[in-house]
Amino acid sequence: LAINMAAQKTDVLQGTLDLMVLKTLDTMGSQHGYGIAQRLQQVSNDLLQLNQGTLYPALLRLEQRGWIASRWGTSENNRRARYYSLTRHGRKQLEREEAEWQQRAEIMARLLGGAAGGAQS
Amino acid sequence: MTAREFLSRLKGAIGLGRTDSDLANEVDFHREMLEAGHRRRGLDEDAARRAARLALGGTAQIAESWRDQRGLAFVDTLRQDIRYGLRLFRRTPGFTLSALLTLALGIGANTAIFSVVDAVLLRPLPYVDPDRLVTVGDREPDGSSSNVGFATVVDWMARSRAFESFSVMRLWMPTLVTGSDAERLSAVRVSWNYFDLLGARPVIGRTFVRDDDRPEDWYSVVLSESLWRRRFDADPGVVGRTVTLNDRPYRILGVMPASFEPLDAERYYHAPPQLWAALGYDATSAAASGACRSCQHLRAFGRLKSGVTLEAATAEMNAIREQLRRAHPSDYQSGSMAIVPLRTALTGDARVALLVLLAAVAAVLLIACANVASLQLARGLTRHREIVLRSALGAGRARVLRQLLTESMLLAAGGAIAGIALASGAVRMLVAFAPISLPRLGQVAVDGRVLAFTAVVSASAGVVFGLAPAWKGATAGRERTLVVDLRGTVAGRSRARTLLIVLDFALALVLLAGAGLMLRTVATLAHAEPGFRADGVITLQFSLNGARYPTDESVVTAQQVILEKLRALPGVKDVALAGQIPFGGVQDCWGFHALGRMQPNAANDPCVDRYSFTGDYLRAMGIPLVAGRTLTDEDSATAARTILISRATAKLIWADADPLGAQVRIGSATEGRWRTVVGIVGDVHHDDVTVPPAAAMYTPEAQITSAYLTAVISARGGDAAELSQSARAAIHELSPLIPIYGVASLTALVDRSAAERVFVMRLLVVFAAVALLLAAVGLYGVVSYTVGERSREVCVRMALGAQRRDVLRLVLAGGLTLVAIGVVVGVGAALALTRYLGTLVFGVSPTDPATFAAAAALLTFVALLAHWVPVRRALRIDPASALRAE
């Protein structure tokens, strides 16, 4: 499985991207679009194929839903940049989605593991 | 999408969200950071820039998907289409103006007529649960409910299970004297539960309770808001005061609000009643209070229990009627009950008239739509290239369709706004010209309901006139070549336009036929013989009641004095005082029992309209004496009882026998004195020349005396207004406290009865004229277009030796064929539709061939006119120069 993943970059599903962005902002605090993209690449060891044509609309969508807020600020290299941060509403949403994701992952793990066990016996 | 996201995106869609440059800055920053990163990893300037751009992806695509997320796709497209459409309209002001004007006419007419229809027919009556309110009575030939006697209603109350309650009312015209001024009030006597049954509340004080409605003391009144303002200076402390009516004090209980809509009395008074008093009838003593069984002078209405259907209530009331008839066989005719929903009873004949007008304006709007569709089809040709280009650039058929429809909707919206402006002016004129018989006219207004109707109509119109052109346009887009041969498309469009012309002319013909029928009707009415000569006759109503006229003798004495005074006036030919006159708005029908010619059950004897007079009534009215003698002063209170009958009565009772000298009883068959028939007079129409004259009789005023009188004065020529002034003064010489009201010429009274038909006629003529004009304009457009298109063909023909009349034939043939088809279709439709005019049409068949022929001829004439300019242009074509232009 790991070998397969290393072989090709994987696209990000929309719902997954939302969760990733929320989690990133949760751990890093206020951050601009470039920072979020960098972080996601790092964490995924460059395995994520993150399209900026999806990232920016996603940021706008999250903002429209009231999960994140944005404002202009000054970056580490003294450039004007737009900073995004998690709202109270967004934090709750993150908890919900995290829990859901964990559960889904467990189910998948159990299902895949169980199937493997069945094949062995 | 959550509500929050939707709102946020809606804001974005209308330009209140983040701006495009905002995102551009953000993306720039992203790219710079990427570049800086690559440089740090050792790439040179150029390579770093290239790598960054590669990693970022297309900024245009980012911006586009970001913008999609910012707004709402459909709003964005709509905004684009609207902006584009408006730009196009500005560029073709001729097209835009004519389309807007056409639509404004159609939509305005619909808005105006609907506002009347809504107020009169549709809006719920302003009572609690109005759907359960009905009028109750014997079924009249026209399906309405008759008046009833009090004892009958008391029995209903005791026996009916279908009704919550019944209430009755009668008209009452007391005299209100303040200082030296006497006024006759239009009032109504009502049983105590009248207001409760309607669910109406007073603004001040209270309405009647059971205890106010006692035979020995019913002297309490509820004021209308207008009387309260006019006569009591809107005094809030008016409750508890008294008002003197007919020389007797009445307690004031309360004041009804101006918004209270009184039931039914308006059409008799031609104005809303000003005062309500209790009825004060005694069910146990018929003789004492007029609470009789067989007389019918009360209007009864009731409130059905909730859930009871009209059918169930009618069945029950029929059963009760049968029980009562068995118990009192001499009091009831055979017959059945009519339970009529209050709305139907109040609206009466106005319903048909209004629906006819609504259908007419709908036809006008259809023609307007056809014309605008036709204009758009023509314009579509010039836009063909643009649409093909758009399609080539990737716009789908649905997208093009949507854009073209949006343009149509824009036109419709513009037409609606102009139409509403037109309508608010038209509504005022409508109300001013409308006959008084239309109830609730005061409430006609272009309000929210009407605007909603207009919005729906306009949007539908937009689809109707936009769909065909849009479809054609969108289909054109499928041709993937920019260099198109327009000829095929032109043919298709022309076919659509010719169909629209046929539709135009067919609809216009239907309207013309309807207008023609109404014109003939009104002309017939103007020449209809009412049975009397109305020209030069003036009428004044007055009443002799109150303490000064306690007895019939005192009234008769006053009558004679007034008669003498009126006779002495200069310019007077003949004078009479009458209890009622034809077209005077009152009806007084009495059972008519001729000795030896009664039905086995005298209750089934016919009801005959009773007139009474003193003076030279027959001469003043120009009613012919057919046989015997007229009534004179000799027929006094003490003389033998005498009576005149009309021809219709003679025929009805005596057929071919001679009625002179016959003995009759009126009212009761078993009581009262016998009257001798001394003369036969010509028939008069009572209130409607379109129905055969009813049977009538005339009694001497001295023998059956009325306190409410109409002076009938035939003038020797001269000024009618002056004469009525001097007549008024003459009556006031006797006493200034005699109220005089309803001063009118007899012709005006007769004309009032035709008002409804005249109203419908005028509007139909206007609508037909508009329809004809629109149809002609549409035809003109198509013909000129065809001429322009065929100018080359004309040239070739002329070059080959064709004569002017050949050219003429060529041009006319196309247009006139369409008109002919339109006429044929229209005549077919009119034949099927004009019968819905129903009783509005009088004296002419609804399918009158002459009217239809005239309509077709007028239509054809106008069609020829529409050809005039294009034909002249075709004839002036100079073959040489036209060919060079090719």
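Letters A, B, ... mirror the listed sequences (proteins, then strands); counts begin at 1.
To the nearest 0.5 angstrom, A:Leu55 atom CG is 10.5 Å from B:Ser65 atom OG. Separating the CZ atom in B:Arg67 from the OH atom in A:Tyr56 is a distance of 16.0 Å, to the nearest 0.5 Å. Here CD of B:Glu5 is found 11.5 Å from CD of A:Glu63. Values are rounded to the nearest 0.5 Å.
The environment of CZ in A:Arg104 is crowded: more than 12 heavy-atom neighbours from other residues, nucleotides or ligands sit within 6.0 Å. The number of heavy-atom neighbours closer than 6.0 Å to CD of A:Glu76, taken from other residues, nucleotides and ligands shown, is above 12. Heavy-atom contacts from other residues, nucleotides or ligands closer than 6.0 Å to CH2 of A:Trp72 number more than 12.
Each of B:Val27, B:Thr2, B:Leu34 has some count of heavy-atom pairs under 4.5 Å with chain A, and the biggest count is that of B:Leu34. Contact tally against chain A (heavy-atom pairs below 4.5 Å) for B:Gln61, B:Arg70, B:Arg18: the top residue is B:Arg18.
Within the 4.5 Å cutoff, no side-chain heavy atoms of B:Arg9 are placed close to those of A:Arg61. Looking only at side-chain heavy atoms (C-beta outward), B:Glu26 and A:His32 stay at 4.5 Å or farther from each other.
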Show your reasoning for whether side-chain contact (heavy atoms from CB on, under 4.5 Å) applies to B:Phe29 and A:Asn77.
-> CA-CA 11 Å; B:Phe29 169 76; A:Asn77 58 352; 4.3 Å; yes
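Only the side chain of B:Glu32 comes within contact range of chain A, with heavy atoms under 4.5 Å apart. Using a 4.5 Å cut-off between heavy atoms, B:Ala55 contacts chain A through its backbone alone, with no side-chain atom that close. In this structure, the portion of A:Ala37 lying under 4.5 Å from any heavy atom of chain B is its side chain and not its backbone.
Across all non-hydrogen atoms, the minimal contact from B:Leu56 to A:Gln52 is O-CG, 3.3 Å. In plain terms, the two heavy atoms of B:Ser8 and A:Gln64 that are nearest each other are OG-CG, 3.1 Å.
In summary, of the residues considered (B:Leu23, B:Asp22, B:Asn25), a side-chain contact (heavy atoms from CB on, under 4.5 Å) with A:Arg82 occurs for B:Asp22 alone.
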